[in-house]
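One structure is given below, encoded as C-alpha cells.
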Amino acid sequence: MLQRYEPTAIEAKWQGRWAADDLYHVADDDPRPKWYELVMFPYPSGDLHIGHWFQYAPYDARVRFMRMRGYNVLAPMGFDAFGLPAENAAIQHGIHPYVWTMDNIERMRGQFKSIGAVFDWKREIISCLPEYYRWNQWFFLQLYRKGLAYRANAPTNWCPSCQTVLANEQVINGRCERCDSPVERRDLEQWFLRITDYADELLDFSKVVDWPERIKTMQRNWIGRSVGVELSFDIADHGLEEKEIKVFTTRPDTVHGVTFLLLAPEHPLVERLTSPGRKAAVQEYVAQARMATEIERLSTDRPKTGVPIGTTCINPFNGEQVPIFIADYVLAGYGTGAVMAVPAHDERDFEFATEQGLPIKVVITPPEWDGGGLSEAYTGQGTMVNSGQFDGTPGDKAFDAAAGYAEEHGIGRRTVSYRMRDWLISRQRYWGTPIPIIYCPKHGAVPVPEEQLPVLLPEDAQFQPTGESPLKRHEGFLHTHCPVCGEPAHRETDTMDGFVDNSWYFLRFMSPHYAEGLVDPAAARKWAPVDQYVGGAEHAVGHLLYSRFFIKALRDVGLLKLDEPFLRLFNQGILLGEDHEKMSKSRGNAVNPDDFVGTLGADAVRVFLMFIGPWEQGGSWSNTGIQGVSRWLNRLWALGTKDLSGLDGDVDRVAVRELERVTHKTLKKVTADLEGFQFNTMVASLMEMSNHLGRAWDSGSIDAGSWRDAVETLILMVAPAAPHLAEELWGLTGHEYSVHRQPWPVWSEELAQDDEVTLIVQVNGKLRDRLNVSLEITETEARELALNSERVAPYLDGKQVRRVIYVPGKLVNIVV
RNA sequence: GCCGAGGUGGCGGAAUGGCAGACGCGACGGACUUAAAAUCCGUUGGGGAGACCCGUGUGGGUUCGACUCCCACCCUCGGCACCA
C-alpha cells in the first residue's frame with residue numbers, strides 16, 4: 001500500500017484541479033449527442049441539508065455516467081431566489097432579502113463544490129437578479145397580449161400569516177402550504193394566468209416519454225375534467241333582468257328527481273332573488289359563510305347547512321316549482337355556482353334534504369329496489385323511473401337521452417367543467433418580480449413597453465408585510481407615466497408568485513447570459529427539451545403542471561416549437577432520520593452533511609446516500625451505515641494501491657477466468673442500474689466485485705495484467721458514485737487524468753457467461769439437491785443426473801415419478 | 001371515502017414465476033494489541049442434537065413450482081377530498 005486513504009485531502013485536491021481545468025464545462029458546439037439532465041434547483045433559504053444531498057448525489061452520478069457514455073450532458077445549477085421563504089427568513093434576521101439571499105447562495109455554492117458536484121457554474125442562474133426576472137416580465141407581457149394573463153376581482157385564498165394571497169395549488173387542506181395557517185377568503189382584484197385554457201391539453205401525456213403514472217394521475221385528478229350538461233331553471237316571473245338560473249350537472253338523467261335548487265352564498269343572484277321576508281335570515285347566513293375559514297367550509301363531516309331564500313324556479317323538464325336555497329357546500333367557483341339538488345341520487349343533497357325535511361324522489365332504479373324510500377342516496381346508474389316520457393330508459397342511455405332532450409328544447413347544452421382554476425399569480429409581498437403593468441387614469445391597465453424592461457425591484461423599500469404590497473408605499477416606484485399618453489400614472493405594486501420564475505428556468509440554462517431574449521433560439525434548438533428531470537413528487541400539481549402550461553403557452557406565442565418541457569421524470573423519495581421519522585431540528589434527528597463530508601469525506605456521503613435503498617422510495621439515514629460505506633472505500637483504496645510486483649507466483653487460469661467473468665457481470669449490472677436509477681444495487685454489486693478481488697488477491701493466483709484490467713474497470717465503474725477516490729486511484733494506477741473523461745467500459749456477453757451452472761433439483765417443488773453441471777448439458781443428461789441423485793433418492797423411494805419438468809440451465813423438478 | 005405506493009431476519013434492504021434473505025449495518029466468537037480503537041478472519045431468519053421442519057402482512061386461488069400472478073381482507077405511508 002502506497003499511503004493511507006485520506007478522503008478530505010484528496011477531495012480538496014481534485015475539486016481544485018477540476019475547477020482550474022474547467023472540467024465540467026458544457027459547450028454548445030460539442031459534436032457529441034446532447035442530453036439535458038436536470039435536477040430541481042433549491043431555494044437559497046439556509047443551507048443545503050442532507051435531504052438536498054439525497055437528491056443531488058445520485059443525480060450527479062447519473063450525469064457523470066451519461067458523460068462517460070459519450071453524451072454532451074447539460075447539467076446546470078442555480079437558485080430559485082425569489083419568494084416567501086427567503087423573504088420571511090430575511091425579515092426574521094433583520095437584513096435585506098438581497099443580502100441574505102446572496103450570502104446564502106455563496107454558502108450553498110461552496111457546499112455544492114464540497115461534494116464534488118458536476119455542475120457547470122458558468123451557467124448558474126439566480127432568479128432574483130434583474131437579468132433573470134426581466135424575462136419573467138417579458139413572458140408575462142406575451143401572455144397578456146395573448147389574453148392569457150388577466151386581472152379580475154375574485155374570491156382568493158388569503159394567508160393571514162404570510163400576508164398575501166395564495167394560488168389554489170399552495171393551499172393544502174385549507175391551510176397555507178408554507179406556514180400551515182388556516183387560509184381565509186378575500187375578494188381582491190388580482191392577476192391570473194389562464195391555465196384553464198390548456199386544461200384538455202394538460203390532460204394529454206402522449207408527448208412525454210416516461211413519467212411516473214402516479215404524477216400523471218395526480219395531475220389528472222387536479223385538473224378534474226367532468227363532462228356534463230348546463231341546464232336552465234326558469235325564474236322569469238320574478239321580474240329580474242336574468243330570466244334563468246344555470247346549473248351544471250353530470251347527471252342530467254336525474255333531473256326529474258330535483259326537489260330543490262341550491263345557490264352558493266356568493267352567487268350574484270342571491271341578493272335580488274331573495275324574498276323580502278327572507279332577507280334578514282339570508283343576509284345572516286351569507287355573513288356567516290364569509291366568516292368561516294376554508295377549513296370549516298370544506299370539512300365534509302360538518303352538517304350540511306343552508307336557508308331557503310323564499311322564492312322558486314321551474315324545472316325545465318317537468319315544469320315543477322322548485323324551492324331555492326343557499327348552502328355553503330355549494331362552491332361559487334365551480335361550474336355555475338348553482339346546483340340542482342337530487343337528494344335521492346346525491347349523497348350531499350340526501351344529507352341536506354334529511355336535515356331540512358325536504359322530499360326525496362327516486363328517479364333512478366337502484367339494484368333490487370323495492371319501490372320504497374331509500375336509506376341513503378343511490379349514486380350509481382340505473383333505469384329511469386318517475387321521469388315522464390323517459391321512464392324505462394336504461395342506465396347506459398340515460399345521460400344522452402336527457403342531454404339530447406335538453407339541447408333539442410333549448411333548455412341546456414353539453415359542457416365540460418374543470419376542478420382546476422386559473423392560476424392566481426399576484427402576491428402582496430416585496431421579494432418577487434414586479435408585474436410590468438402601469439395604470440393610467442385615462443387608458444387603464446397598460447403593459448410596460450418591452451424596451452423599458454426590466455421594471456426594477458427597488459432596493460430601498462420597507463418590506464415588512466402589512467397585507468398590501470410594500471411597493472405601494474414606495475413613492476419612487478409607484479409613480480410613473482403612462483406609456484400611451486405620458487400623463488402621470490402608477491405602477492402595479494403586486495409582485496409575482498415565485499412559481500412563475502421557476503416555470504421556465506430550465507430554458508434559461510440553455511443560454512444563461514443571452515441578452516436579446518428569454519432564450520437564444522440556437523441554444524434552444526440544441527438543448528430543448530429536458531431529456532431527464534429529477535426532483536421531488538411534492539411538485540406534482542404545482543411546478544410540474546405550471547411548467548407544462550408555460551411551454552405550451554410559449555409555443556402558442558411563437559417562441560418555441562415544444563409541447564412538453566420534460567420528456568422523462570423521476571421522483572426520488574424522502575430521506576428520513578435515523579428514527580425513521582421526518583427530519584427536523586425540533587425532533588433532534590436532523591443530520592448535518594458537512595460533519596460527515598469533513599470527516600469521512602464527500603465520497604462516503606455520496607455513496608451511502610445511494611446505497612440506503614431504492615431511490616424512489618426514500619430511506620432513513622444511519623450513522624453506522626455510512627461507516628460501512630466508508631470502510632468499503634478504504635478497501636477499494638487498498639485494492640487500487642496494491643504492489644503488483646508480488647504477482648509472479650503460480651497463475652491459476654480458472655481463477656483468472658473467474659475474475660474476468662465477475663468483472664463483466666458487474667459491468668453489465670452496474671450499467672443497467674445506472675440507466676434505471678437503481679443506485680442501491682449498483683453499489684452492492686460494486687462491493688461484491690471488490691470482495692471477489694480481495695479473495696482473489698489472497699489466493700495469489702492472478703497475474704498482474706489480469707489484476708490491472710479488473711481494477712481499471714472497477715475504478716471506472718466507481719467514478720460516477722465516488723468521483724474523488726476514482727480520480728486519485730486512476731492516477732495512482734498509472735492512468736492519464738482524468739477518469740471523468742474516460743469512455744464507459746463495454747461488457748461482453750460472452751465473457752460474462754458462466755461455463756458451469758448450478759442445477760437445482762426439486763421434488764414436488766421442494767429443493768433437494770444442487771448439481772454443478774456444464775452449460776452444454778442436454779435435457780436427457782440433466783434428467784438422468786437428477787433422477788440418480790443420492791440426495792433425491794429417499795424422496796423417490798416407493799413412489800411413482802409422474803412428471804419431470806426441466807428448465808434449461810436452471811432446474812429439474814420431479815413430480816411424484 | 002377515492003387514487004397511488006408499500007408490508008421480506010434485530011435493522012436498511014436483494015431476488016426475468018425456479019436455491020428466499022445478495023450487499024451493508026448490528027450482534028456474537030476469534031486474530032493482532034499491555035489495552036483500546038482501527039483492521040482482518042469466522043458465525044449470524046426461527047426451531048431442532050440431527051436428518052430435517054417452519055418461514056416474505058392475513059385468508060383463499062392459479063401453477064410441477066408463488067415474495068413474485070389472480071381474488072378478498074388487514075396495516076403503514078403519500079396525494080386528493082362537499083368539484084354537483
| request: Have a look at A/Arg768 and say if it touches a base, only the backbone sugar-phosphate, or nothing, with a 4.0 Å heavy-atom cut-off. | output: sugar-phosphate

| field | Exercise: do A/Gln678 and A/Trp615 side chains pair donor with acceptor under 3.5 Å | value | no

| request: Establish, from distance only, whether the side-chain atoms of A/Glu581 and A/Asn589 form a donor-acceptor pair under 3.5 Å. | output: no

| query | Reckon A/Pro614 touches a base, only the sugar-phosphate, or nothing at all at heavy-atom distances under 4.0 Å? | reply | sugar-phosphate

| query | Do the ring centers of A/Phe192 and A/Trp423 come within less than 6.0 Å of each other? | reply | no

| Once you round it to whole Å, what is the distance between P of B/A84 and CE of A/Met340? | 12 Å

| query | Rounded to the nearest Å, what distance is computed from the CG atom of residue A/Asp579 to the C1' atom of nucleotide B/G12? | reply | 14 Å

| request: Calculate the interatomic distance between A/Asp673 atom CG and B/A22 atom P; express it in whole Å. | output: 17 Å

| field | Backbone N/O of A/Ile364 and side chain of A/His345: donor-acceptor pair under 3.5 Å | value | yes

| task | Give every residue pair that meets the side-chain hydrogen bond (donor to acceptor under 3.5 Å, both in side chains) criterion with at least one member in residues 805-816 of chain A, sequence neighbours excluded. | result | none

| said: Quick check on B/C25: is either OP1 or OP2 less than 4.0 Å from any side-chain nitrogen or oxygen of A/Asn623? | reply: no

| message | Counting Watson-Crick and G-U wobble pairs with both distances under 3.5 Å, what is the dot-bracket string for RNA chain B, 5' to 3', using [ ] for crossing pairs and | for pairs to another strand? | response | (((((((..(((.....[....)))((((((.......))))))(((....)))..(((((..]....))))))))))))....

| request: Consider only side-chain N and O atoms of A/Arg178 and A/Gln170, and report whether a donor and an acceptor are under 3.5 Å apart. | output: no

| task | For B/A84, take OP1 and OP2 only and decide whether either is under 4.0 Å from a side-chain N or O of A/Ser417. | result | no

| message | Please compare A/Trp632 and A/Lys304 by the position of their nearest nucleotide in RNA chain B and report the one closer to 5'. | response | A/Trp632

| field | Donor-acceptor side-chain pairing of A/Asn634 and A/Trp632 below 3.5 angstrom | value | no

| task | Quote, to the nearest angstrom, the P distance that separates B/C67 from B/G9. | result | 14 Å

| said: Between C1' on B/C40 and CG on A/Asn634, what's the gap in Å once rounded to a whole number? | reply: 13 Å

| query | For nucleotides 2-9 of chain B, read 5' to 3', which letter fits each nucleotide if B means a protein heavy atom sits under 4.0 Å from the base, S means only the sugar-phosphate is that close, and - means neither? | reply | -SS-----

| task | Send over the distance from A/His580 NE2 to B/C77 P, rounded to a whole Å. | result | 14 Å

| query | Tell me: CD of A/Glu347 to C1' of B/A81, nearest whole Å? | reply | 12 Å

| said: For a quick check of understanding: with a heavy-atom distance under 4.0 Å over all strands, which category does A/Ser622 fall into, base, sugar-phosphate or nothing? | reply: nothing

| request: Would you mind telling me which of B/G12, B/C23, B/C52 lies closest to the side-chain atoms of A/Met687? | output: B/C23

Enumerate donor-acceptor pairs with a distance under 3.5 Å from any side-chain N or O in residues 251-264 of chain A to protein atoms, sequence neighbours excluded.
unit_1	atom_1	unit_2	atom_2	d
A/Arg251	NE	A/Asp253	OD1	3.0
A/Arg251	NE	A/Asp253	OD2	3.3
A/Arg251	NH1	A/Thr379	O	3.0
A/Arg251	NH2	A/Asp253	OD2	3.1
A/Arg251	NH2	A/Gly380	O	3.3
A/Thr254	OG1	A/Arg251	O	2.8
A/Thr259	OG1	A/Pro359	O	2.9

| Does A/Tyr329 have a side-chain nitrogen or oxygen under 4.0 Å from the phosphate oxygens OP1 or OP2 of B/A84? | no

| How would you label the glycosidic angle of B/G60: syn (within 90° of 0) or anti? | anti

| said: What's A/Gly224 touching, base or sugar-phosphate or nothing? Going by heavy atoms closer than 4.0 Å. | reply: nothing

| task | Count the heavy atoms of every other residue, nucleotide or ligand shown that sit under 6.0 Å from CD of A/Glu376, and state whether that count exceeds 12. | result | no

| said: Using a 4.0 Å heavy-atom cut-off, does A/Phe608 contact any base of the nucleic acid, only the sugar-phosphate backbone, or nothing at all? | reply: nothing

For nucleotides 26-32 of chain B, which of its nitrogen or oxygen atoms have a protein nitrogen or oxygen under 3.5 Å away, and what is each distance?
unit_1	atom_1	unit_2	atom_2	d
B/G26	OP2	A/Arg631	NH2	3.2

| task | Can you tell me the distance, in whole Å, between the CZ atom of A/Arg185 and the P atom of B/C82? | result | 14 Å

| query | Can you tell which of B/G24, B/C80, B/G13 lies closest to the side chain of A/Ile172? | reply | B/C80

| task | May I ask you to check whether over 12 heavy atoms, not counting those of A/Glu347, lie within 6.0 Å of atom CD? | result | no

Pairs under 3.5 Å (N/O, protein and nucleotides 17-20 of chain B):
unit_1	atom_1	unit_2	atom_2	d
B/G18	N2	A/Gln762	OE1	3.0
B/G18	N2	A/Asn813	ND2	3.4
B/C19	O2	A/Arg770	NH1	2.7
B/C19	O2	A/Arg770	NH2	3.4

| query | On a whole-Å scale, what distance lies between the C1' atoms belonging to B/U58 and B/U8? | reply | 15 Å

| Touch check for A/Asp349, heavy atoms < 4.0 angstrom, all strands: base, sugar-phosphate only, or nothing? | nothing

| Between B/A38 (C1') and A/Arg635 (CZ): distance, integer Å | 13 Å

| The side chain of A/Arg419 lies closest to which of these nucleotides: B/G79, B/C80, B/A84? | B/C80

| With a 6.0 Å cut-off on ring centres, are A/Tyr418 and A/Tyr334 close enough? | no

| query | A/Lys766 near the nucleic acid: base, sugar-phosphate alone, or nothing, with a heavy-atom cut-off under 4.0 Å? | reply | sugar-phosphate

